[in-house]
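Start at 1 with the first residue, then count along the sequence. First listed ligand is number 1; within each ligand, the first listed atom is number 1.
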Amino acid sequence: MVTKDILYIGVNDHDLDLFEGQYIIPNGIAYNSYVIMDEKIAIMDTVDKRKCGEFMENLKNALGDRKPDYLIVQHVEPDHASSIKAVVDAYPDIQIVTSGGATRILPLYFDLDFSGVQVVKEGDELCLGKHVLTFITAPMVHWPEVIMTYDKTDKVLFSADGFGKFGALDVEEDWDCEARRYYFNIVGKFGQQVQDVLKKAAGLDIQTICPLHGPILKETIGHVLEQYQTWSTYGVETEGVFIAYVSMHGNTADAAHKMAEILEAKGCPKVAISDLAREDSAEALEDAFRYGKVVLAAPTYNMGVNPIMGDFLHHLSIKNYQNRTIGIIENGSWSPNAAKTMKETLAAMKNINVLKHVTIRGALKESDTEALSALADALLA
Ligand code: FEO
């Protein structure tokens, strides 16, 4: 139960291998859905069809012998909308309420007659009796058609993908870590659009946030709003340095770990390090946004940069990576060229300060320490 009148009818998914076909979800994912019980009854979104049967059971249990009046579709991505047909089949008189943008995307995915849907726009209201819902457009958080919904009676914001996280609801885990990984990988590109929504939210008295993934938020609302403010402005969340490396024979790894050791010895408040070839690249991307200073260490490969580092830089670029200080460690035996290639990609990003790079030739040597130490000083300056 969310409030006396708002019931949770979502489901956990521990069977999905990759969310969106790309993100590992060690603790699963929740597809949240809610029902608002009033003189009229509204269902807030559905769930992935993978879990449709369980969802319909939850819905029927919540409704008892009543029938729902409205199905509000805030976001049409199939992890939320692919059980619409089951709801419409069970309750043919239900009125679908959604945005104009959704009416254009829904038929692309679902073979249903959407001609009778009720279209709502910014500021429109829907009265259920005691509960009055106000619709808020939230384009690109994280698709263009998204709306959020504010219930001013219970002071609840239904926030679509906003404030969501990876992880099913039957697993206890830290909100920040998996919410940050979700945010930067799924919505990271759209900082300005998230800012637009935060400005609208600032004018509302919100006591509960009901996202489409992750836990219902109450006591921690102040904290999650602060985190979203930092993340959506590409601000620095944690002081310290993140080192992302790729290594072919262990030598660039040696240089990366030596750099971590030097930074720690010089009093760097926190040093995080990731082997991009072996650790979750979505977690590494999250850390690149979390810290203000980043070291990228990679070997030269085919006269450019090692492709795993090249992919990582591409991912940063398409997520609108910006406002960071970058140190580069390249490795190359006969013709080091990784730094030049990395700098070319970084040059296209906004407000990236690239420091004087370090070149390692083959194995890490004692004589390399001075250059690494100088890079550490520049990072900590
Ligand atoms: Fe959870 Fe954008 O779908």
Atom 1 (Fe) of ligand 1 -> H213, closest N, O or S atom is NE2
Have N331 and T252 got a donor and an acceptor in their side chains that come within less than 3.5 Å? yes
Item to check | Within the 6.0 Å centroid threshold, strictly below: F166 and H213 | outcome: no
Note to self: Less than 6.0 angstrom separating the ring centers of Y183 and Y228, yes or no?
What the structure shows: yes
Which atom of D161 is nearest atom 1 (Fe) of ligand 1, counting N, O or S only? It is OD1
For atom 2 (Fe) of ligand 1, the nearest N/O/S atom on E77 is atom OE1
In Y321, F242, W231, the residue satisfying ring pair (Phe, Tyr, Trp, His ring centres under 6.0 Å) with F289 is Y321
Before giving the answer on side chain to side chain donor-acceptor pair (under 3.5 Å), spell out for S83 and K51 the whole-Å C-alpha distance, their side-chain angles and the decisive distance to 0.1 Å.
CA-CA 9 Å; S83 295; K51 297 289 171 184; over 6 Å; no
> Would one find an N, O or S atom of D79, in either backbone or side chain, under 2.8 Å from atom 2 (Fe) of ligand 1?
Replying inline: no
Taking 2.8 Å as the cut-off, does H142 contribute an N, O or S atom near atom 1 (Fe) of ligand 1, distance below it? no
Quiz prompt | Under 2.8 Å: N/O/S of H75 next to atom 2 (Fe) of ligand 1 | solution = yes
